[in-house]
Structures are given as structure tokens and as C-alpha cells.
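Everything below concerns the one structure shown next.
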Amino acid sequence: METKKLPNSTIIYLLAILSCFICCFGGIGIIPAIISYYLASKAEGVYKMNPDGYSNFSTLKKSKIIAVIGIILNVIIIGITIWTLSTIGWDAWSEEFVRKWNEGLENGM
């Protein structure tokens, strides 16, 4: 019997890794992490129906673990952002950001 690759395994892996890399941008990486986890769960269901027919289940398991890590990282970043904005407020946060930005521009030139 010929073995084939699970559907979308490369896309699942790339989305999972992408979610970990872009978690620092305000938690926006949660979107590719959730998509990756969902697709991995669907592909895992396909694998369970015919385990002998597919050859790259280990890649799928790694992708699912990385997606879970991406979800956790993004939830932490979102929590920190909400906590920071609720304790110091948007105005103080944006003033501090602008001050640091201008300070960096002055030191860089």
C-alpha cells in the first residue's frame, strides 16, 4: 500500500511557527495559532481513520505542539497588554512610548 502525506501538513507547520514569531506584536499571532491547531486536529482525525496510509504524522504532532505553545504565548502577551493598559492607562502608555521613541531618535542621530 502506498503512503501519502497528510493534507495541509506544511501549512499547519508554517502557521504554528509564524504564530510563535509574531506573538510579540500585541498577541496577533493567536490567529494563525488557532488556525494551525484547528487544521492539525482535522488532519489528525484523517490520520486516525487510516493510520497506515499516511507517513508524516510526526510532523503533524510537532505542529500541533508548536501551535499550542503559540496559543499560550499569545494569551500571555494579550493578558500582559490588558493588564498594562488597565493599570497605567492608554494615555500614560502612549506618552511613555512617544518619549522613548523620541529618545531613541535623538540618540541614533
Side-chain angles (χ1 to χ4, degrees):
M1 181 175 189
E2 184 179 319
T3 60
K4 48 190 171 181
K5 296 194 180 274
L6 284 164
N8 302 325
S9 62
T10 305
I11 294 171
I12 294 168
Y13 193 71
L14 290 175
L15 283 173
I17 290 175
L18 179 70
S19 72
C20 292
F21 282 130
I22 63 172
C23 73
C24 299
F25 298 112
I28 197 158
I30 199 161
I31 296 167
I34 290 173
I35 293 170
S36 176
Y37 185 80
Y38 174 74
L39 289 174
S41 297
K42 283 180 63 175
E44 191 174 18
V46 169
Y47 175 79
K48 286 181 180 178
M49 282 193 253
N50 185 9
D52 297 329
Y54 299 102
S55 63
N56 62 343
F57 186 66
S58 62
T59 304
L60 183 70
K61 291 301 282 184
K62 284 188 266 185
S63 302
K64 196 170 182 182
I65 291 169
I66 295 170
V68 168
I69 291 169
I71 290 171
I72 292 169
L73 284 173
N74 284 289
V75 166
I76 289 170
I77 295 296
I78 290 170
I80 289 171
T81 303
I82 291 171
W83 177 76
T84 303
L85 292 176
S86 67
T87 55
I88 66 169
W90 179 260
D91 293 332
W93 183 83
S94 60
E95 287 173 9
E96 180 67 17
F97 178 78
V98 169
R99 186 182 70 76
K100 290 283 189 179
W101 181 271
N102 290 334
E103 184 180 298
L105 288 176
E106 291 171 0
N107 292 338
M109 293 182 165

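The structure presented is a predicted model; accordingly, all values stated were derived computationally and were not measured.
Of all heavy-atom pairs between Ala43 and Leu6, the closest is O-CD2, 3.7 Å.
In this structure, CG in Asn74 is found 10.0 Å from OG1 in Thr81, a value given to the nearest 0.5 Å. Distance CD1/Ile80 to CD1/Ile77: 5.0 Å, rounded to 0.5 Å. Of the inter-residue distances, the one linking Ile71 atom CD1 with Ile78 atom CD1 reads 10.5 Å to the nearest 0.5 angstrom. Distance check: Lys48 NZ to Glu44 CD gives 4.5 Å after rounding to the nearest 0.5 Å.
Side-chain contact between Val46 and Asn50 is absent, with no heavy atoms from C-beta onward closer than 4.5 Å.
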key: Candidate pair Arg99 and Glu95, rule salt bridge (Lys or Arg N to Asp or Glu O under 4.0 Å), full reasoning   = CA-CA 6 Å; Arg99 186 182 70 76; Glu95 287 173 9; over 6 Å; no

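Hydrophobic clustering places Ile88 together with Leu85 (ILVMFWY residues linked when any side-chain heavy atoms are closer than 4.5 Å, directly or through intermediates). No continuous path of ILVMFWY side-chain contacts below 4.5 Å connects Leu15 to Leu73, so the two sit in separate hydrophobic clusters. One hydrophobic cluster holds both Ile72 and Val75 under the rule that ILVMFWY side chains link at heavy-atom gaps under 4.5 Å. Follow the hydrophobic side-chain contacts under 4.5 Å out from Leu60 and you reach Tyr54 in the same cluster. Follow the hydrophobic side-chain contacts under 4.5 Å out from Ile17 and you never reach Ile65; the two are in separate clusters.
Under the side chain to side chain donor-acceptor pair (under 3.5 Å) criterion, the residue pairs touching residues 8-27 are Ser9-Asn56, with sequence neighbours excluded.
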Using distance only, find each side-chain donor-acceptor pair of residues 21-40 under 3.5 Å and give its atom names and separation, not counting sequence neighbours.
| unit_1 | atom_1 | unit_2 | atom_2 | d |
| --- | --- | --- | --- | --- |
| Ser36 | OG | Ile12 | O | 2.9 |

